[in-house]
Amino acid sequence: MIDLFAGPGGLCEGFSSIEDEKGNRRFGVKVSIEKDPVAHRTLLLRALFRKFPRGKVPDCYYQYVRGDINREDFLEHPEIKDAAREAATEAKCAELGLTPHETIDAWIRQAIGTQTNWVLIGGPPCQAYSLAGRSRLRGIDPEAFESDKRHFLYTEYLRIIQQFAPSVFVMENVKGMLNSKHGGMPIFQRILADLKEPRPDLRYQIRSLVVDGDALDPKDYIIKAENYGIPQCRHRVILFGIRSDIAEATTALACSPREFLLRKKFPQVSVNQALAGLPPLRSRLSKEPDSHREWLSALEKAPLSLKTWLLPLKSKIEAVMETAIGNAALNVSVGQRFLPMADAPGADMPRDLRSWVLDSRLGGVLQHETRSHMRSDLHRYLFSACFVVSEKYAPNLRNFPPSLLPDHVNIDDESVPFIDRFRVQVGENPASTVVAHIKKDGHYYIHPDPAQCRSLTVREAARLQTFPDNYFFEGNRTEQYGQIGNAVPPLLARKIAKVIYKFLTSPRE
Ligand SMILES: C[S@@+](CC[C@H](N)C(=O)[O-])C[C@H]1O[C@@H](n2cnc3c(N)ncnc32)[C@H](O)[C@@H]1O
């Protein structure tokens with residue numbers, strides 16, 4: 001497997017997890033390419049982790065992620081050294097489009113060797129296609145929008161297909177790609193046409209993993225993660241390309257094409273199920289002295305903001321707030337890089353998720369540490385989370401008491417784009433999409449428990465994205481959030497990989 005635009009490695013984590021009956025990995029990452037040096041460090045660390053059979057990762061990995069030894073000592077550790085060298089051959093920090101093609105091609109050629117059955121995975125970056133990014137850029141500078149090179153990063157992906165003709169490929173992207181235009185032409189149609197015939201002598205069938213058939217509508221390529229056991233409503237375009245000669249030789253593809261779709265049998269997984277067992281934490285106060293006492297006293301002032309609110313809802317929310325503030329008195333910890341715990345944190349998760357996420361060797365929870373919030377935001381968070389407890393749905397700014405509205409917001413203005421500016425994740429439902437914006441502020445990712453009154457931690461965001469608890473994100477906290485928001489949920493990637501594996505191992509004529 002070759003992974004382009006690999007980010008922190010969500011997609012390749014899922015693929016790498018496919019094992020045969022003897023526990024051997026069936027997809028080996030041979031090269032993964034990522035330009036961001038910090039995401040690349042995460043990718044490298046995980047590549048190293050995967051060099052060991054499951055359960056056999058040396059203790060020094062756990063010492064490193066817990067913060068007991070530094071990175072240099074870890075990488076020099078005798079039990080790790082060789083694996084670190086191999087991981088560095090696999091995970092490359094390079095910018096596609098900038099790094100010379102000869103260099104990239106030499107890596108891939110050497111990695112593939114004589115293999116003929118291999119997979120290209122990855123998603124060219126999405127900012128230029130994403131709805132928010134598009135309107136912002138188009139508005140600010142239409143010319144820059146038209147010439148934005150990110151429109152064309154997929155051509156780097158295409159170039160690798162042209163050059164190396166993988167048996168199959170899996171390409172992920174945001175939904176915005178379906179509607180984006182360039183020079184008046186729909187980008188998606190052009191990408192599809194290019195992928196169907198990358199060279200005059202090379203053709204691919206471009207299939208959906210959720211809808212069977214030849215005459216597909218663009219939206220048929222959208223995978224809704226929440227339908228496949230992922231605790232998050234994440235809708236992404238995923239293209240499954242099969243080289244025509246292989247597609248034609250695989251009889252099962254014509255006889256029972258539905259075998260090569262994702263199975264939709266999974267019950268929805270809720271936020272509460274995904275976050276099960278993570279220790280409750282309080283947030284911290286920013287722009288003023290912080291302590292548990294001061295934080296609690298800030299919460300105690302929140303009901304004052306309901307004073308002039310005249311809705312009948314007022315007394316219900318006040319009662320919920322009172323209980324929440326009482327419970328908040330117990331939430332003393334703000335968390336840390338590693339929180340030791342006696343039991344593996346997540347016994348209440350669905351089995352599928354539990355076995356995927358938990359690792360008893362960790363002895364606790366990584367990267368579960370809260371952010372600081374301004375007092376005014378604490379009041380908004382507390383109100384919003386209490387509203388959900390009372391009303392069972394997340395409020396938007398129209399449901400807010402006037403005194404909690406941010407400055408300069410006119411909620412009667414239909415065009416207000418930030419009506420959902422404060423978004424509680426409803427505990428009983430899958431989360432809303434975790435996107436890289438989570439690194440900027442946590443307003444869209446408010447924890448469902450009002451007694452914690454805070455945005456999600458890195459580990460909680462990682463749980464909603466189904467990263468295993470032993471997955472460590474390098475960089476500062478902002479960078480960690482960004483990597484998580486960018487990734488394909490590894491458990492979804494695993495489900496996709498199962499389909500691809502089934503296809504690659506189906507008999508051919
Ligand atoms: C959407 S993320 C990919 C997530 C990844 N598939 C996963 O599952 O974790 C896109 C990544 O492409 C990287 N990237 C953007 N432009 C790049 C380029 N020209 N060459 C290599 N990587 C690039 C970004 O830094 C980002 O991490």
Side-chain angles (χ1 to χ4, degrees), residues 1-7 9-18 25-34 43 47 89-92 94 96-97 99 101-125 152-173 191-209 221 223 237-250 252-253 260 488 493-509:
M1 165 172 61
I2 305 283
D3 187 11
L4 305 181
F5 308 99
L11 201 47
C12 61
E13 177 74 7
F15 271 75
S16 309
S17 72
I18 304 297
R25 291 186 196 280
R26 297 318 315 263
F27 289 105
V29 189
K30 293 297 178 184
V31 174
S32 56
I33 299 180
E34 167 56 43
L43 193 66
T89 312
E90 168 191 319
K92 309 280 194 192
L96 292 155
T99 307
H101 287 166
E102 301 76 47
T103 307
I104 305 278
D105 291 356
W107 291 338
I108 297 180
R109 198 169 300 114
Q110 191 181 8
I112 300 172
T114 53
Q115 285 282 345
T116 50
N117 229 8
W118 65 279
V119 188
L120 178 70
I121 60 173
F152 295 109
L153 271 179
Y154 91 93
T155 58
E156 293 300 318
Y157 194 94
L158 181 68
R159 199 191 65 78
I160 305 291
I161 298 179
Q162 288 165 335
Q163 198 72 10
F164 294 99
S167 320
V168 303
F169 65 80
V170 174
M171 183 171 147
E172 184 251 4
N173 224 299
I191 292 179
L192 266 192
D194 284 347
L195 293 174
K196 280 182 180 165
E197 193 175 335
R199 286 192 322 234
D201 60 339
L202 180 64
R203 279 162 206 259
Y204 282 83
Q205 281 189 14
I206 313 294
R207 302 181 69 88
S208 156
L209 284 161
Y221 292 103
I223 294 185
V237 174
I238 300 199
L239 308 180
F240 172 24
I242 310 177
R243 213 173 64 212
S244 292
D245 57 316
I246 296 180
E248 282 151 22
T250 310
L253 198 61
F260 304 107
V488 176
R494 173 177 165 79
K495 291 173 183 184
I496 292 172
K498 277 187 182 168
V499 175
I500 310 297
Y501 181 60
K502 191 182 213 176
F503 175 75
L504 288 175
T505 51
S506 288
R508 290 181 201 157
E509 275 175 352

Pair Gln163, His101: side-chain N/O donor-acceptor within cut-off below 3.5 Å: no

Hey, are Tyr154 and Asn173 close enough side-chain-wise for a donor-acceptor pair under 3.5 Å? no

Verify, without hydrogens or angle tests, whether [X] (side chain) and [Y] (backbone) share a donor-acceptor contact under 3.5 angstrom.
X	Y	result
Thr103	Thr99	no
Gln162	Pro198	yes
Glu172	Gly123	no
Arg207	Leu239	no

Is it true that, when you exclude Glu197 itself, more than 12 heavy atoms of the residues, nucleotides or ligands shown sit nearer than 6.0 Å to its CD? yes

Count the heavy atoms belonging to other residues, nucleotides or ligands that lie under 6.0 Å from CZ of Arg203, then report whether that count exceeds 12. no

Could you pull out the closest heavy-atom pair between [X] and [Y], with the gap in Å?
X	Y	value
Ile33	Ala94	CG2-O, 3.5 Å
Thr116	Ser167	O-OG, 2.8 Å
Gly7	Glu34	N-OE1, 2.7 Å

Point-to-point distance, once rounded to the nearest 0.5 Å, from [atom1] of [X] to [atom2] of [Y]:
X	Y	atom1	atom2	result
Asp3	Leu120	CG	CG	8.5 Å
Tyr157	Leu153	OH	CG	13.0 Å
Ile18	Lys502	CD1	NZ	12.0 Å
Tyr204	Leu192	OH	CG	15.0 Å
Ser32	Leu4	OG	CG	9.5 Å

Considering only distance and modelled atom types, tabulate donor-acceptor pairs under 3.5 Å from the side chains of residues 494-501, sequence neighbours left out.
from   : atom 1 : to     : atom 2 : distance (Å)
Arg494 : NH1    : Ser17  : O      : 3.2
Arg494 : NH1    : Ser17  : OG     : 2.9
Lys495 : NZ     : Tyr228 : O      : 2.9
Lys495 : NZ     : Asp352 : OD2    : 3.1
Tyr501 : OH     : Arg26  : NH1    : 2.9

Worked verdict on Glu509 versus Thr250 for side chain to side chain contact (heavy atoms under 4.5 Å, CB included): CA-CA 6 Å; Glu509 275 175 352; Thr250 310; over 6 Å; no

Determine, step by step, whether Ile246 and Val168 satisfy the side chain to side chain contact (heavy atoms under 4.5 Å, CB included) criterion, reporting the C-alpha distance in whole Å, the side-chain angles of both residues, the deciding distance to 0.1 Å, and the verdict. CA-CA 9 Å; Ile246 296 180; Val168 303; 5.6 Å; no

Lys92 charged N/C atom sitting above Trp107 aromatic ring, 6.0 Å / 45°: yes

Trace of the side chain to side chain contact (heavy atoms under 4.5 Å, CB included) decision for Phe169 with Ile242: CA-CA 7 Å; Phe169 65 80; Ile242 310 177; over 6 Å; no

Starting from the C-alpha separation in whole Å, work towards a yes-or-no answer on side chain to side chain contact (heavy atoms under 4.5 Å, CB included) for Arg109 and Phe164. CA-CA 8 Å; Arg109 198 169 300 114; Phe164 294 99; 4.2 Å; yes

Run the ring pair (Phe, Tyr, Trp, His ring centres under 6.0 Å) test on Phe240 and Phe260 for me, step by step, so that the C-alpha distance in whole Å, both residues' side-chain angles and the decisive distance to 0.1 Å come before the verdict. CA-CA 10 Å; Phe240 172 24; Phe260 304 107; 7.8 Å; no

Salt bridge check, Asp105 against Arg159: does any charged N sit closer than 4.0 Å to a carboxylate O? yes

